[in-house]
Amino acid sequence: MKFFVDTAEIDAIAELNDLGMVDGVTTNPSLIKKSGRDIIEVTKEICELVDGPVSAEVTATDAEEMIAEGRKLVEIAGNIAVKVPLTWDGLKACKALSDDGHMVNVTLCFSANQALLAAKAGATFISPFIGRLDDINLDGLDLIADIRAIYDNYGYETQILAASIRTVNHVTQCALLGADVMTAPPNVIKAMVNHPLTDKGLDAFLADIKAAGIKIL
Ligand code: G3P
């Protein structure tokens with residue numbers, strides 16, 4: 001499973017990237033706002049740091065403007081994936097930009113039919129938002145399962161990029177369901193290391209190291 005980091009915070013990306021945990025990065029307007037940085041500048045810095053796809057989202061809502069913005073975004077670096085919303089205009093932009101040979105991430109996906117349309121429009125990535133479906137008492141993981149089944153039925157190569165991941169359980173379940181990629185905030189990725197039995201076991205080992213005076217160096 002590929003891990004993308006869902007943030008525009010350079011330090012957090014760098015820390016995870018140094019550990020080999022970063023296969024790509026996703027940003028959106030809310031994350032750019034949170035960073036307080038200029039979109040072009042911060043996206044360029046992220047692209048210099050990370051080899052994999054870096055999603056940068058358009059701001060326009062009509063297809064022609066999205067295409068123009070997408071063409072500007074891909075000039076930032078060779079690893080930009082243009083992120084477009086799952087609207088009819090977004091699908092038009094997806095088709096045009098992917099026909100040009102650019103990576104496109106179609107975002108704000110909340111249904112299997114939307115994911116089917118994105119695949120037909122040539123999307124590189126489809127981003128189903130799991131957490132936001134959970135927020136309205138639906139099961140976001142059901143959507144991942146449905147899209148996986150549909151894409152496999154017809155051999156679509158669009159990668160399922162599970163997004164709006166809020167918990168470590170979301171990560172496990174997305175991996176079990178066969179999502180190609182998950183994008184999560186740095187704190188969720190770092191929380192994956194935690195287990196109470198690891199802490200308890202380490203405490204016992206440390207006590208024995210102290211009691212026995214075990215030294216290696
Ligand atoms: O990748 C999409 C993500 O940024 C949205 O997450 O938690 O705002 O639903 P959230």
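All values derive from a computational prediction rather than experimental measurement. Note that ligands are numbered from 1 as they come in the structure, with each ligand's atoms numbered from 1 the same way.
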Participant: For ligand 1, give me the residues whose heavy-atom distance to it is below 4.0 Å, by chain and number please.
Facilitator: Asp6, Asn28, Phe129, Arg132, Ala163, Ser164, Arg166, Thr183
Participant: With a sphere of 6.0 Å drawn around CG of Asn169, does it hold more than 12 non-hydrogen atoms of other residues, nucleotides or ligands?
Facilitator: yes
Participant: Is the closest side-chain heavy-atom distance between Asp135 and Arg166 below 4.5 Å?
Facilitator: yes
Participant: Distance from Phe125 atom CZ to Thr158 atom OG1, nearest 0.5 Å?
Facilitator: 10.0 Å
Participant: Tell me if a side-chain donor or acceptor on Thr198 pairs with a main-chain N or O of Asn194 at a distance below 3.5 Å.
Facilitator: no
Participant: Could you point out which residue of Val54, Leu161, Thr107 forms a side-chain contact (heavy atoms from CB on, under 4.5 Å) with Thr26?
Facilitator: Leu161
Participant: Using residues 39-50 as the side-chain source, report each donor-acceptor pair under 3.5 Å to any protein atom, sequence neighbours left out, with the distance given to one decimal.
Facilitator:
residue, atom, partner, partner atom, Å
Thr43, OG1, Ile39, O, 2.5
Lys44, NZ, Glu48, OE2, 3.1
Glu45, OE2, Arg37, NH2, 2.6

